[in-house]
Amino acid sequence: MTSNPRPVELRYDPAAIDRKWQERWEKDGIHRVDNEDPRPKWYEMTMYPYPSGDLHIGHWYAMAPADCHARFRRMQGYNVLHPIGFDAFGLPAENAAISRGIHPHTWTMDNIANMRRQLRSIGAVYDWEREIVCCLPEFYRWNQWLFLQFYKAGLAYRGRAPVVWCPSCQTVLANEQVLNGACERCGATITRRDLEQWFLRITEFADRLLDFQGLEDWPEKILTMQTNWIGRSEGVEISFDIKEYGLETKELNTFTTRIDTVFGVTFIVLAPEHPLVEQLTAGDQRAAVADYIEQARRASEIERLSTETEKTGVPLGSYAVNPLNGERVPIYTGDYVLMGYGSGAVMGVPAHDSRDFAFAKKYGLPVRIVIAPITWDGSDLTEAYLDDGFMTNSGKYEGMTDEEGKQAIADDIEKNGWGRRTVSYRVRDWIISRQRYWGTPIPMVYCAECGIVPVPEDTLPVLLPPDAEFKPTGESPLAANADFVNTTCPQCNGPARRETDTMDTFFDSSWYMLRYLDPNYDEGPFDPDLARRWMPVDQYTGGAEHAVMHLLYSRFFVKALHDMGVLDFDEPFLRLYNQGVILGEDHEKMSKSRGNVVNPDEVVGQLGADAVRCFLMFIGPWDQGGPWSDVGIIGTARWLNRVWDLVERDPSRLDAGTLDPESVRQTQRVLHQTIRKCYNDLDQFKFNTAIAALMEFSNHLNRVWADSSVDPETWRQCAENFLLLLAPMAPHFTEELWERKGLPYSIHQQSFPAWDEGLAANDMITLVVQVNGKVRDRLNVPADIDEAAAQAQALTSPRVQSYTQGKAVAKTIYVPGRLVNLVLG
RNA sequence: GCCGAAGUGGCGGAAUGGUAGACGCGCCGGUCUCAAAAACCGGUGGGGGCAACCCCGUGUCGGUUCGAAUCCGACCUUCGGCACCA
């Protein structure tokens, strides 16, 4: 921790200026966005905050630079919509209810009221008339309506899936509530339970989600992560024969991307959750298998999939026959096989898969090489061989390359009806059911006569009842509310039960961009005319932690709604930019337990919103995040203070000085270079270097003021343009100075300055002269110097000559405008 | 573990194949002051040299190139995500 920062003696009262302009802008409604504005639209959205209580400096870090970018677009001439809202459903509200006895609604709405006030202090261009709060029925009734559209389209279905279960609290846990395999509240070892839940068929869109053609500019790393998350692999589904057991199911389906290795199968592994495990377990293995399954229910997926942890399993005592060679191989259950991927069963080929290899070694299963390594001497493998080679021990496919073998075997499998070529995805259907109170009720009814019946659209919303019990029963708190649960069937009017699960909050964030357009629209989730006008979102900003889930869900939603004819576009966000994470002064993630949390209110009151905005942008590249610094912000505050002084100076005092035409020209050059730099940097979210350029500009202006070498008109131009360039970053500060200079309100309704390439051009440059790649001299030469002249001058340099003396120059490299490199023979 | 990033002065960072360290913090020196703070001006990667200058230097090791912080390979460390935190 640093010592107390030295105070800054400001020439102005930042708190008064912040207040004055926030009130004035509010009164004038300059942030109200007119849907009919004829200028081109620009929809710039930042991920809405969860109303956790206080606005954290992390929220400022996400929102202030985003606002700066939106303001820059506005000054470029766009009609900019930059809305804000609250992601108001979710687990923390329910935890507050349990631990402090505050109703989730009260807790959430109080937090929102507080954060709304704090958000205003940022001075952003939010149009508050468009604010959304998704725990209110005006919002969530449309979640319900949308769910029903997914249901009608066959994209919502009911199925079984495991949830984390605390046997002691008798409740479902979120992964976050599990610490080292134990319930965070009571410490009991967790297990998993299968429940009937609602799924959305995102897998049906897997291929389309892999197509990024419709996106304009997303970070490459996010596209890679989405691609890997979806995890498309082409392979073959092949059935092993189990008809010897006389079960209803005669075949065991496995999926493999390496069908060329099918002659190397020496065992089969089923996921512990596989439906056939029970039927295929022999009498004497029942106890061992049951124990193993119970153990697997405690393990997380990360543990199960780790290539470090030992691969374990238990033989079921039954066998399956490989259709290609008629071999009978043992069936195991093992937790490294997941039910959610492929068919939940793998053919074990230890010679050519590392996990299978580890498994076979542990259980003494044979390892049969069927793809011969090119330089193979016939000896045993010490690890699985994964590369190319020729087929061996493989019947009639002997001698083919593995690629040829793949095709030939797949052809024969399809011809004989043993299986088919297919595509598998790592991505799984999206489970939206949550056994919780604080979420959108899923609008379905269960009737003994009619089965699953959707709630009719014209009776929405299904309101979340205000009275709920939060005692742990293992069911959603809604299940204990008889008034809510008991209803009549919309079809037969007989007695029926409501669905008591609520929706995942990612449901809300999948379409909230549409609701901002008119949060009060009551004929549908959004106004279709406004959607045509504003959608898709031009620029989205937010944390990279949403790379795969939220951003994939939202893309899926929009594609599904497009197919239903609800939307006429199929990507929600054309451009994406991810900011990094702001860290505490100790370079650690901010957390209450570390005590390194920065409260923005205090520093905003002291130094002003603009000093905080500028400092957050100046710390470093926005996408990389960085540490807060109580001392560092002093530098930014001091700089704004110097800018105040600079802009407030009376240019007529320069009349007394000695005008230097070269200084005037240089000052114009710096002005135009700065405009160009700011324009390009703000365009690309490079706020830190834009501010550094403005700092250099202010340093330059100070120097020319000190020697009075420029005329008042040049000075005036520089000062005005300076304010315009700084306006997106420091909106209150620049508005105040703009007014004090008598310029027309509002600076934020002015155009961003334009630069002149001619005036920005340098006429002299520093030419670097290298000898064998080492810098030996720097020459000041005209910018348009040609190669011959540059070389000639380089050779006349005495410093260079001391290195080249007596040696022949074998080669000369010339980079125009930069350097001459003399390579000696 | 798997997927994705990032490592540069005392600190935040700049430079994305061509002058390493822009800009800022901190520190040192100066101006002003009775003094201090603030403000303003100057200096500031490490080592050597009276100096001109020279050598070293971008996580580690190796490679490509006239030239590498930047490109390639291996490794180390830190961070984000891994499907119920949002």
Side-chain angles (χ1 to χ4, degrees), chain A residues 2 5-11 47-50 52 87 89-92 95 163-164 172-178 219-222 224-225 227-229 231 300-309 340 426-436 504-506 509 543-550 552-553 578 580-581 583 587 589 615 618-621 623-629 631-636 638-639 641-642 645 688-689 691-696 699 702 706 766-775 777-778 799 810-813 815 817-824:
Chain A
T2 48
R6 269 183 282 164
V8 193
E9 223 167 81
L10 295 177
R11 297 182 168 93
M47 291 177 188
Y48 62 172
Y50 180 79
S52 50
D87 185 11
F89 272 138
L91 190 61
N95 287 340
V163 292
V164 181
V172 174
L173 298 179
N175 290 339
E176 195 194 43
Q177 298 173 303
V178 180
E220 205 53 48
K221 65 164 184 167
I222 303 288
T224 309
M225 282 191 261
T227 303
N228 293 340
W229 183 263
S300 75
E301 224 163 272
I302 293 172
E303 288 155 6
R304 285 177 59 170
L305 284 177
S306 167
T307 51
E308 280 298 270
T309 53
R426 208 189 73 98
V427 68
R428 305 197 290 259
D429 277 340
W430 172 17
I431 300 171
I432 60 152
S433 296
R434 297 292 180 268
Q435 295 71 40
R436 304 192 189 284
D504 180 3
T505 56
F506 278 128
S509 55
E545 68 273 19
H546 290 296
V548 281
M549 306 188 62
H550 160 54
L552 212 47
Y553 292 148
N578 299 114
V581 179
L583 304 172
H587 292 50
K589 213 175 148 173
F615 178 62
F618 185 62
I619 289 175
D623 58 347
Q624 281 172 36
W628 172 264
S629 167
V631 178
I633 191 173
I634 300 297
T636 314
R638 266 204 297 248
W639 173 62
N641 202 30
R642 281 196 297 272
D645 175 50
N688 57 328
T689 47
I691 291 176
L694 284 171
M695 286 175 171
E696 287 185 74
N699 291 342
N702 249 327
T766 303
L767 184 77
V768 169
V769 185
Q770 298 182 333
V771 179
N772 287 338
K774 287 198 176 234
V775 179
D777 203 0
R778 296 175 172 93
R799 294 183 190 191
K811 189 164 138 189
T812 309
I813 312 263
V815 183
R818 286 201 183 265
L819 61 74
V820 173
N821 184 11
L822 305 168
V823 184
L824 303 181

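Residue numbering restarts at 1 for every chain, and letters A, B, ... go by the order of the sequence lines.
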Distance between C1' atoms of rG7(B) and rA14(B) (Å, rounded) = 16 Å

Determine the Euclidean distance between corresponding C1' atoms of rG26(B) and rG18(B); express it in Å to zero decimal places.
-> 32 Å

Under 4.0 Å: is that the gap between some side-chain N or O of Arg426(A) and OP1 or OP2 of rA83(B)?
->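 Arg426(A) to rA83(B) OP1/OP2: no side-chain N or O under 4.0 Å.
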
Is the phosphate of rA14(B), meaning OP1 or OP2, less than 4.0 Å from a side-chain N or O of Asn688(A)?
-> yes

Applying a 4.0 Å non-hydrogen cut-off, can you work out what [X] is touching in the nucleic acid: base, sugar-phosphate, or nothing?
X	answer
Trp229(A)	base
Arg436(A)	base
Val815(A)	base
Glu545(A)	base
Ser300(A)	nothing
His550(A)	nothing
Asn228(A)	sugar-phosphate
Val581(A)	nothing

Between [atom2] on [N] and [atom1] on [X], what's the gap in Å once rounded to a whole number?
X	N	atom1	atom2	value
Glu303(A)	rC82(B)	CD	C1'	13 Å
Trp628(A)	rG12(B)	CH2	C1'	13 Å
Ile222(A)	rC3(B)	CD1	C1'	12 Å

Starting the side chain at C-beta, find the nucleotide from [options] nearest to [X].
X	options	value
Lys774(A)	rC53(B), rC56(B), rC66(B)	rC56(B)
Thr224(A)	rG4(B), rC25(B), rA20(B)	rG4(B)
Glu301(A)	rA83(B), rA39(B), rC66(B)	rA83(B)

One should read off an interatomic distance between Arg642(A) CZ and Met695(A) CE, to the nearest 0.5 angstrom, of 7.5 Å

Thr812(A) and Val820(A) have their tightest heavy-atom pair at CG2-CG1, 3.8 Å

Pairing partner of rG26(B) (Watson-Crick or G-U wobble, both distances under 3.5 Å) =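 Answer to the pairing question: rU44(B), which forms a Watson-Crick or G-U pair with rG26(B).
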
Describe, in one word, how the ring planes of Phe506(A) and His546(A) are oriented to each other, choosing from parallel (under 30°), tilted (30 to 60°) and perpendicular (over 60°).
->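 It falls in the perpendicular class, over 60°.
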
Within the distance-only criterion (no hydrogens, no angle test), does the side chain of Asn641(A) pair as donor or acceptor with the backbone N or O of Arg11(A) below 3.5 angstrom?
->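 The answer is yes, because a donor-acceptor pair under 3.5 Å joins these two groups.
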
